[in-house]
Asks: 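Quick one: the structure is below, and I'll ask about it shortly.
These values consider heavy atoms only, across backbone and side chains, with no hydrogens, waters or symmetry-generated copies. In what follows, chains carry the letters A, B, and so on, assigned in the order in which the sequence lines appear, proteins first and then strands, with residues in each chain numbered from 1.
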Amino acid sequence: MSVRVRYAPSPTGLQHIGGVRTALFNYFFARAMGGVFILRIEDTDQERYDPRALQDIYDTYDWLGISWDEGPRVGGPRGPYFQSQRTELYREYAQKLVDSGEGYHCFCTAERLESLRSGQEARGEGQGYDRLCRGIPPEEARARKAAGEKCVVRLKVPLEGSTSFHDRLIGDIERANRDINPDPVLLKSDGFPTYHLANVVDDHFMGITHILRAQEWIPSGPLHILLYRAFGWTPPEYCHLPMVMGEDGKKLSKRHGSTSLVEFRDQGYLPEAIINYVSLLGWSYDDTRQMFSRADLERLFSLDRLNKAAAVFDYKKLEWFNGVYIREKPDAALKDELLPFMRRAGLVEDPATPEQEAVLLAAAPLVRERLRFLGDAPELLRFLFRDPPPYSREELLPKKTEPEEILRYLGEIRSLMEGFFHRSDPENEEEFRLLAERLHTRLGSLLMPLRVAVTGSKVSPPLFESIRILGKEKTVARLVAAMEMLAARE
RNA sequence: GUCUCCUUCGUCUAGUGGUUAGGACACAGGGUUUUCAUCCCUGCAACAGGGGUUCGACUCCCCUAGGAGAUGCCA
């Protein structure tokens, strides 16, 4: 039987690391098995639905380069792939449960459930519905419903015995029926299904063969088994993936820093880094290999190498992967990646002029090894597009040097600039060494003031290459500005 | 409260009934270097605890502890 898996997000918030991990594992599993990957939108919560969240799902996976074989935008034989468009189906199957006696109508109001819950909490009892409506005779329930009384459909969870299922990763999981959520709601009073019903019905009709989802779903596993049984269906194979935690060991959330994918993208993370890093959260290939491209994972991913324990999300390691992938980018590709960030910083126009593109292309090799994120680029390269930011007089003066001395050096350097552009970088370096020797100073004492004058900072990309990109005119002008600053009396 | 799952360096992980318990990130030190960074080298550091089983357990079993998750007309 060919593999069919799905990622089924609900459009209620931005895609975050945890969701992406689940999506990725489903996608890679499908690819590695030659199966089908389905995207299904679980938009059954009318209250929390957010159209921006749907767009975010598209944006996130488009950006990551993850595509689905069936789902929104592409369609497929088992659609529709929005649960909000399948409500008839859920209603039909909820009714079947009522008819067969596996489910029942419940007329309890939200208020009653609320007070029930608070009472239980106050007494420190286990929480859950008290099954009040379970005893209502079917005819009576029918009549009340026909009379227009608001109601939901609940599942009749067996009072005795236990329910177990097999998990590919964990093994057999068993739960006493009395510990299962007492009669969960399957169909809400607004006619929409809850997760449990919609999920089971869809997975069945969409022919899902494997359910790969986070371990936070384990507790509802037995419940879903009960549903499959009530319908007379065969459940798919389960594989509950280890959870992703924040640094404090708690479920990853906003307060752990950026967790949504758009945030990572906007900070200048590369999709390659995210994919590589996230893949290693709960999965490994062997004892040493850690570099994996999307294509690698589409081939090598396997459920046999999953880890059981929850993984802590380590921003530092992601950052490291990002640096590695940035360094792998050829000049032109890096330039293209950098462009949006330079634009957003207002350093290049939109669209960039050919000159600006040329400068950025030339600068790419200079910053490549210095970027942790693409978003670091504007600050590093600003001096190529604007006058250097204001710097203090002190910054021009290396330790234990006098202004007059540096002023003299800069004058000499200015002369050196005449032939600078006709010489190679090694030749220029040699010139500067000779000059330092002649002035009885260190090379650093020559280059640091020059660096500050040209870039406005003591930390910059390689100086000679930078000057070459900047051009003689601007370089000399900045040198002069620095000399004037030094010459001015305090 | 109840139920379920989990437990190897700080973090991600590999691993075997007999290993110096391996790799990566982080951190520390050193080297290269015109700054920063990159790069290279070295170091650091783990089998949660207690019982068994066994000639021998990190590895198999049990218990304890700790952690996490679930207990919704949210998914």
Asks: Could you check how far NE2 of A:His240 sits from P of B:C5, rounded to whole Å?
Replies: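 So the NE2-P distance, A:His240 to B:C5, works out to 12 Å.
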
Asks: For B:A57, which nucleotide in any strand shown is its Watson-Crick or wobble partner with both distances under 3.5 Å?
Replies: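 In the structure as shown, B:A57 has no Watson-Crick or wobble partner.
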
Asks: Polar atom pairs between nucleotides 43-48 of chain B and protein, under 3.5 Å, N or O only, would you list them?
Replies:
none

Asks: In whole Å, I'd like the distance from the NZ atom of A:Lys308 to the P atom of B:U4.
Replies: 16 Å

Asks: State whether the distance check finds a donor on one side and an acceptor on the other, under 3.5 Å, for side chain A:Arg368 versus base B:U38.
Replies: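 No, the side chain and the base share no sub-3.5 Å donor-acceptor pair.
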
Asks: Below 3.5 Å is the cut-off: list the nitrogen or oxygen pairs between protein and nucleotides 61-66 of chain B, distance only.
Replies:
none

Asks: How would you label the contact of A:Glu174 with the nucleic acid (heavy atoms, under 4.0 Å): base, sugar-phosphate, or nothing?
Replies: sugar-phosphate

Asks: Among residues at least two apart in sequence or on other chains, which ones pass side-chain hydrogen bond (donor to acceptor under 3.5 Å, both in side chains) with A:Arg423?
Replies: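 Once residues adjacent in sequence are excluded, the partners of A:Arg423 under the side-chain hydrogen bond (donor to acceptor under 3.5 Å, both in side chains) criterion are A:Asn428.
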
Asks: For nucleotides B:G22 and B:C58, find the distance between their P atoms and express it as a whole number of Å.
Replies: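 Taking atom P in both B:G22 and B:C58, they lie 16 Å apart.
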
Asks: Any side-chain donor-acceptor pair under 3.5 Å between A:Thr455 and A:Ser457?
Replies: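 The answer is no; no qualifying pair exists.
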
Asks: Between A:Phe192 and A:Tyr90, is the ring centroid distance below 6.0 Å?
Replies: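 No; A:Tyr90 has its ring centre 6.0 Å or more from that of A:Phe192.
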
Asks: Using the C1' atom on both, measure B:C62 against B:U53 and round to a whole Å.
Replies: 11 Å

Asks: For A:Glu465 and B:U35, give me the distance from atom CD to atom C1', rounded to whole Å.
Replies: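 So the CD-C1' distance, A:Glu465 to B:U35, works out to 13 Å.
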
Asks: For the pair A:Tyr61 and A:Trp68, name the ring-plane relationship: parallel under 30°, tilted 30 to 60°, perpendicular over 60°.
Replies: perpendicular

Asks: Using Watson-Crick or G-U wobble geometry with both distances below 3.5 Å, tell me the partner of B:U11, or none.
Replies: B:A24

Asks: Once side-chain contact (heavy atoms from CB on, under 4.5 Å) is applied, do any residues pair with A:Ile211, and if so which ones, sequence neighbours excluded?
Replies: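 Partners of A:Ile211 by the side-chain contact (heavy atoms from CB on, under 4.5 Å) criterion, ordered by chain and then number, come out as A:Arg6, A:Asp203, A:Ile208, A:Arg213, A:Tyr228, A:Pro236, A:Tyr238.
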
Asks: So, does A:Asp183 use its side chain to make a donor-acceptor pair with the main chain of A:Lys156 at under 3.5 Å?
Replies: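 No; zero donor-acceptor contacts below 3.5 Å.
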
Asks: Return the pairing partner of B:G1 with a 3.5 Å limit on both distances, Watson-Crick or G-U wobble; otherwise return none.
Replies: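 By the stated definition (distances under 3.5 Å), B:U71 pairs with B:G1.
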
Asks: So if I apply the ring pair (Phe, Tyr, Trp, His ring centres under 6.0 Å) rule between A:Tyr269 and each of A:Tyr315, A:Phe373, A:Phe341, which one comes out positive?
Replies: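 The passing option is A:Phe373.
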
Asks: Which ones in residues 453-461 of chain A lie close to RNA chain B, meaning a heavy atom under 4.0 Å from one of its atoms?
Replies: A:Lys458, A:Val459, A:Ser460, A:Pro461

Asks: Is the terminal nitrogen or CZ of A:Arg144 (NZ for Lys, CZ for Arg) located under 6.0 angstrom from the six-membered ring centre of A:Phe107 and within 45° of that ring's axis?
Replies: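 Yes.
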
Asks: Can you tell me the distance, in whole Å, between the CG atom of A:Asn276 and the C1' atom of B:A24?
Replies: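 The answer, rounded to whole Å, is 11 Å.
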
Asks: Tell me: OH of A:Tyr238 to C1' of B:U4, nearest whole Å?
Replies: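 One finds 15 Å between C1' of B:U4 and OH of A:Tyr238, rounded.
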
Asks: What distance, rounded to whole Å, do you find between the two P atoms, one in B:G66 and one in B:A26?
Replies: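 Comparing P positions in B:G66 and B:A26 gives a spacing of 34 Å.
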
Asks: Sequence neighbours left out, what pairs pass side-chain hydrogen bond (donor to acceptor under 3.5 Å, both in side chains) with at least one residue falling in residues 270-286 of chain A?
Replies: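 For residues 270-286 of chain A: A:Glu272-A:Lys329, A:Asn276-A:Tyr325.
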
Asks: Quick one: A:Leu463 CG to B:A37 P, roughly how many Å, whole number?
Replies: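 Whole-Å distance recorded here is 17 Å.
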
Asks: Is the side chain of A:Arg393 donor-acceptor paired with the backbone N or O of A:Leu486 at a distance under 3.5 Å, no angle test?
Replies: yes

Asks: Can you tell me, in whole Å, how much space there is between the P of B:G10 and that of B:G56?
Replies: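 30 Å, rounded to whole Å.
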
Asks: Quick one: list whatever passes side-chain contact (heavy atoms from CB on, under 4.5 Å) with A:Pro222, sequence neighbours left out.
Replies: A:Thr163, A:Phe165, A:Arg175, A:Ile180

Asks: Verify the distance criterion only: is there a donor paired with an acceptor across the side chains of A:Asp43 and A:Ser84 at less than 3.5 Å?
Replies: yes

Asks: Can you check the distance between B:C25 and B:A57, where both ends of the measurement are the P atom (answer in whole Å)?
Replies: 35 Å

Asks: If the sugar-phosphate is the primed atoms plus P, OP1 and OP2 and the base is the rest, what is the B/S/- string for nucleotides 69-75 of chain B, using protein heavy atoms under 4.0 Å?
Replies: SSSSBBB

Asks: Once each nucleotide of nucleotides 11-19 of chain B is scored for protein heavy atoms under 4.0 Å, what B/S/- sequence comes out, 5' to 3'?
Replies: SBSSS----

Asks: Test of understanding: with side-chain contact (heavy atoms from CB on, under 4.5 Å), list the residues that count as partners of A:Arg52, not counting sequence neighbours.
Replies: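 side-chain contact (heavy atoms from CB on, under 4.5 Å) check on A:Arg52 returns A:Asp50.
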
Asks: Ignoring the backbone of A:Arg327, work out which of B:C6, B:U38, B:A24 is nearest its side chain.
Replies: B:U38

Asks: More than 12 heavy atoms of other residues, nucleotides or ligands under 6.0 Å from CZ of A:Arg414: yes or no?
Replies: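 Result for CZ/A:Arg414: open.
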
Asks: Quick one: are the ring centres of A:Tyr195 and A:His224 less than 6.0 Å apart?
Replies: yes

Asks: So what does A:Arg112 touch, heavy atoms closer than 4.0 Å: a base, only the sugar-phosphate, or nothing?
Replies: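 Answer is nothing: A:Arg112 stays at 4.0 Å or more from every strand.
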
Asks: For A:Glu160 and A:Asn177, test the side chains for any donor-to-acceptor distance below 3.5 angstrom and give the result as yes or no.
Replies: no

Asks: With rounding to whole Å, what would you report as the distance between B:G23 and B:U64 at their P atoms?
Replies: 37 Å

Asks: Is there a side-chain polar atom (N or O) of A:Arg178 under 4.0 Å from OP1 or OP2 of B:C3?
Replies: no

Asks: Return whichever of A:Leu318 or A:Leu443 has its heavy-atom-nearest nucleotide of RNA chain B closer to the 5' end.
Replies: A:Leu318

Asks: I'd like to check the salt bridge (charged side-chain N to carboxylate O under 4.0 Å, His left out) partners of A:Asp304; sequence neighbours left out, ordered by chain and number.
Replies: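 Result, salt bridge (charged side-chain N to carboxylate O under 4.0 Å, His left out) vs A:Asp304: A:Arg168.
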
Asks: Measure from CD on A:Glu369 to P on B:A37 and round the result to the nearest Å.
Replies: 12 Å

Asks: Could you measure between the two C1' atoms, the one in B:U7 and the one in B:U54, and give it in whole Å?
Replies: 24 Å

Asks: What residues form a side-chain contact (heavy atoms from CB on, under 4.5 Å) with A:Asn307, not counting sequence neighbours?
Replies: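 In terms of side-chain contact (heavy atoms from CB on, under 4.5 Å), with neighbours along the sequence ignored, A:Asn307 is linked to A:Ala309.
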
Asks: Rounded to whole angstrom, note down the C1' distance from B:U2 over to B:U59.
Replies: 33 Å

Asks: How many whole angstroms separate atom CZ of A:Arg168 from atom C1' of B:C5?
Replies: 19 Å

